[in-house]
Colleague: 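I have a structure I would like to understand better, so I am pasting it below and will then ask my questions one at a time.
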Amino acid sequence: TCDIGMARSAPNVLVTGTPGTGKTSLSEQVAAATGLKHLNIGDLVKSQQLHTGWDDEFECLVIDEDKVCDALEDLMAEGGCLVDYHGCDFFPERWFDLVVVLQADNTVLWERLEKRGYSERKVQENVQCEIMHVIVEEARDSYGEGVVHVLQSSTAEEMEENVERLTQWARSWRPSS
Ligand code: ADP
Ligand code: MN
């Protein structure tokens, strides 16, 4: 008698973490290896105008969380999505079979963000966010214990291991009955 939605035939994965930890690089490689659909939420917010304007203090677009969730709902119901975003508390918990939080060494992260052309203040803010484990805590507060996995992404070797782990996980995933 339970017909509330259909089970997904492929898993949905969320890759989150402080900007610069390697979400997009990892997601692109895993998507290429598995056929999961890479959804870069930052890009989507820009291209579909899913924001409420520019925040001068934080130097970023203010994401419209409701609009983003509406835009994703059908895709997520289908399954097979790899969502890439530096926040995670506004997505419905039911969407994800796996939540990966990437972490990077503070010095490494600092250099990556400087290279990206971020202002000194924005670099500092993001590195502080990493030091305080903001996204890890947000993920643990928002998703079940068995769903959240924290992976290190400071070196190329770690990136390779993460690609391999996620690819294996996605390939062996089966719908739960
Ligand atoms: P995010 O999407 O989380 O902001 P990116 O995937 O854009 O991060 O990565 C930021 C930069 O750091 C890119 O130049 C990328 O090549 C590099 N990078 C990311 N992860 C690693 C890693 N594990 N080892 C070496 N370089 C990395
Ligand atoms: Mn990115």
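Whatever order the structure lists ligands and atoms in, that order sets their numbers, starting from 1. Residues: numbered from 1 along the sequence shown.
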Colleague: Below 3.5 Å, N or O to N or O, backbone or side chain included: is there any such pair between Gly20 and ligand 1?
Modeller: yes
Colleague: Among protein heavy atoms, which lies nearest atom 20 (N) of ligand 1, and at what distance?
Modeller: Met159 CE, 3.2 Å
Colleague: Tell me, which protein residue and heavy-atom name are nearest atom 8 (O) of ligand 1, and how many Å apart are they?
Modeller: Gly22 N, 3.1 Å
Colleague: Just heavy atoms, cut-off under 4.0 Å: does Thr155 contact ligand 1 by side chain, backbone, both, or neither?
Modeller: backbone
Colleague: Does Glu59 form a salt bridge (charged side-chain N to carboxylate O under 4.0 Å, His left out) with Arg121? I'd like the steps, not just the answer.
Modeller: CA-CA 10 Å; Glu59 302 170 62; Arg121 201 173 63 111; 3.5 Å; yes
Colleague: Which is it for Ser154 and ligand 1 at heavy atoms under 4.0 Å: side chain, backbone, both or neither?
Modeller: backbone
Colleague: With atoms numbered from 1 as shown, which atoms in ligand 1 lie under 4.0 angstrom from a non-hydrogen atom of Pro19?
Modeller: 4 (O)
Colleague: Decide side-chain contact (heavy atoms from CB on, under 4.5 Å) for Leu61 and Lys46; before the verdict, give the C-alpha distance in whole Å, the side-chain angles of both, and the deciding distance to 0.1 Å.
Modeller: CA-CA 8 Å; Leu61 287 171; Lys46 275 182 225 154; 3.6 Å; yes
Colleague: Does Gln48 offer a backbone N or O that forms a donor-acceptor pair with the side chain of His51 under 3.5 Å?
Modeller: no
Colleague: Any side-chain donor paired with an acceptor under 3.5 Å for Gln128 and Gln124?
Modeller: no
Colleague: Return the residue, atom name and 0.1 Å-rounded distance of the protein heavy atom closest to atom 15 (C) of ligand 1.
Modeller: Ser25 OG, 3.6 Å
Colleague: Within the structure, does Asp84 bring an N/O atom to less than 3.5 angstrom of an N/O atom in ligand 1?
Modeller: no
Colleague: For Asn12, does its backbone N or O pair with a side-chain atom of Asp97 as donor and acceptor, under 3.5 Å?
Modeller: yes
Colleague: Does the side chain of Gln152 come under 3.5 Å of the side chain of Gln103 through a donor N or O and an acceptor N or O?
Modeller: yes
Colleague: Within less than 4.0 angstrom of ligand 1, does Arg112 place any heavy atom?
Modeller: yes
Colleague: Distance-only, no hydrogens or angles: does the Ser142 side chain make a donor-acceptor pair with backbone N or O of Ala139 under 3.5 Å?
Modeller: no
Colleague: Lys23 and Thr18: which non-hydrogen atoms are nearest, and at how many Å?
Modeller: NZ-O, 3.3 Å
Colleague: Set out, in order, the CA-CA distance, both residues' side-chain angles and the distance that settles side-chain contact (heavy atoms from CB on, under 4.5 Å) for Trp95 and Cys81, then state yes or no.
Modeller: CA-CA 10 Å; Trp95 275 2; Cys81 295; over 6 Å; no
Colleague: Would you check, one step at a time, whether the test salt bridge (charged side-chain N to carboxylate O under 4.0 Å, His left out) holds for Glu73 with Lys67?
Modeller: CA-CA 10 Å; Glu73 184 66 60; Lys67 275 193 189 166; over 6 Å; no
Colleague: So is Ala156 close enough to ligand 1, meaning a heavy atom under 4.0 angstrom away?
Modeller: yes
Colleague: Are any of the heavy atoms in Arg116 under 4.0 Å away from ligand 1?
Modeller: yes
Colleague: Working to the nearest 0.5 angstrom, can you tell me the gap between Asp84 CG and Leu39 CG?
Modeller: 9.0 Å
Colleague: Evaluate Glu158 for polar contact with ligand 1, using N/O atom pairs at a separation under 3.5 Å.
Modeller: no
Colleague: If waters are left out, how many protein N/O/S atoms lie within less than 2.8 Å of the Mn ion (ligand 2)?
Modeller: 1
Colleague: Report the part of Lys23 in contact with ligand 1, treating N, CA, C, O as backbone and CB onward as side chain, heavy atoms under 4.0 Å; options are side chain, backbone, both, neither.
Modeller: both
Colleague: Partners of Phe90 by ring-ring contact (aromatic ring centres under 6.0 Å, His included), sequence neighbours excluded?
Modeller: Tyr85
